[in-house]
Asker: 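To start, I am sharing the structure in question, which I have written as structure tokens.
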Amino acid sequence: MKNFLSVVAMTMALAACAGVDLSPYTSASASDPVRVRMRACMLSEAQSKMQAGTLMASGFKAEVDSLSKTCIRKLALQSAGIDEEAASTATSVLNNLMGSATK
């Protein structure tokens, strides 16, 4: 896993320098192998952080840990079929709270 994360980090660094379009690698379907989905998640998360300017704010090791935990959590929720349900529930909760706060 450590080597895999290092490859992802190097890919992001090289893509940033070369201006390479990573969009083909940042998406995966539920039928893709776990490694492909993990790579897509990590690249997508890293790219989002890089665009926000926060990619290496806490250091390399902390970023590797953060990307790993975030993507493992996302893949586990997707496998359990909870990701879309969770977003829908969160939207309902926030809408209800916002509605009651304005009354």
Side-chain angles (χ1 to χ4, degrees):
M1 186 65 160
K2 192 175 190 179
N3 289 337
F4 182 70
L5 295 175
S6 296
V7 169
V8 169
M10 288 301 295
T11 302
M12 287 301 298
L14 291 173
C17 295
V20 175
D21 179 22
L22 292 176
S23 58
Y25 306 106
T26 58
S27 62
S29 69
S31 61
D32 287 331
V34 174
R35 290 182 75 93
V36 171
R37 290 184 284 149
M38 180 65 95
R39 180 197 65 210
C41 178
M42 288 182 173
L43 286 172
S44 178
E45 289 292 318
Q47 189 174 35
S48 294
K49 287 184 173 196
M50 185 169 46
Q51 289 172 348
T54 61
L55 182 58
M56 291 296 174
S58 56
F60 185 81
K61 174 70 172 122
E63 200 58 56
V64 167
D65 291 343
S66 174
L67 286 173
S68 299
K69 289 175 185 174
T70 298
C71 290
I72 288 170
R73 188 177 311 115
K74 281 185 176 185
L75 291 178
L77 290 172
Q78 288 172 355
S79 295
I82 298 175
D83 60 332
E84 292 177 21
E85 179 184 329
S88 175
T89 302
T91 301
S92 296
V93 167
L94 289 177
N95 284 334
N96 289 334
L97 286 174
M98 297 296 285
S100 65
T102 59
K103 292 180 183 179

Asker: What is the minimum heavy-atom distance between Leu75 and Val34, and which atoms define it?
Answerer: CD1-O, 4.4 Å
Asker: Contact between Pro33 and Arg39 at the side-chain level, heavy atoms closer than 4.5 Å - yes or no?
Answerer: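 Side-chain contact under 4.5 Å: no.
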Asker: Under 3.5 Å, which donor-acceptor pairs do the side chains of residues 50-58 form with other protein atoms, sequence neighbours left out?
Answerer:
{"from": "Thr54", "atom 1": "OG1", "to": "Lys49", "atom 2": "O", "distance (Å)": "3.4"}

Asker: Do Ser68 and Met42 have side chains that get closer than 4.5 Å, going by heavy atoms?
Answerer: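 Yes, their side chains come closer than 4.5 Å.
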Asker: Can you name the side-chain hydrogen bond (donor to acceptor under 3.5 Å, both in side chains) partners of Lys69, sequence neighbours left out?
Answerer: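 Here no residue qualifies.
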Asker: Looking at Thr89, Asn95, Leu94, which hits side chain to side chain contact (heavy atoms under 4.5 Å, CB included) with Thr91?
Answerer: Asn95
Asker: Would you check if the side chain of Ser66 reaches a backbone N or O of Ala62 as a donor-acceptor pair within less than 3.5 Å?
Answerer: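 A pair under 3.5 Å: no.
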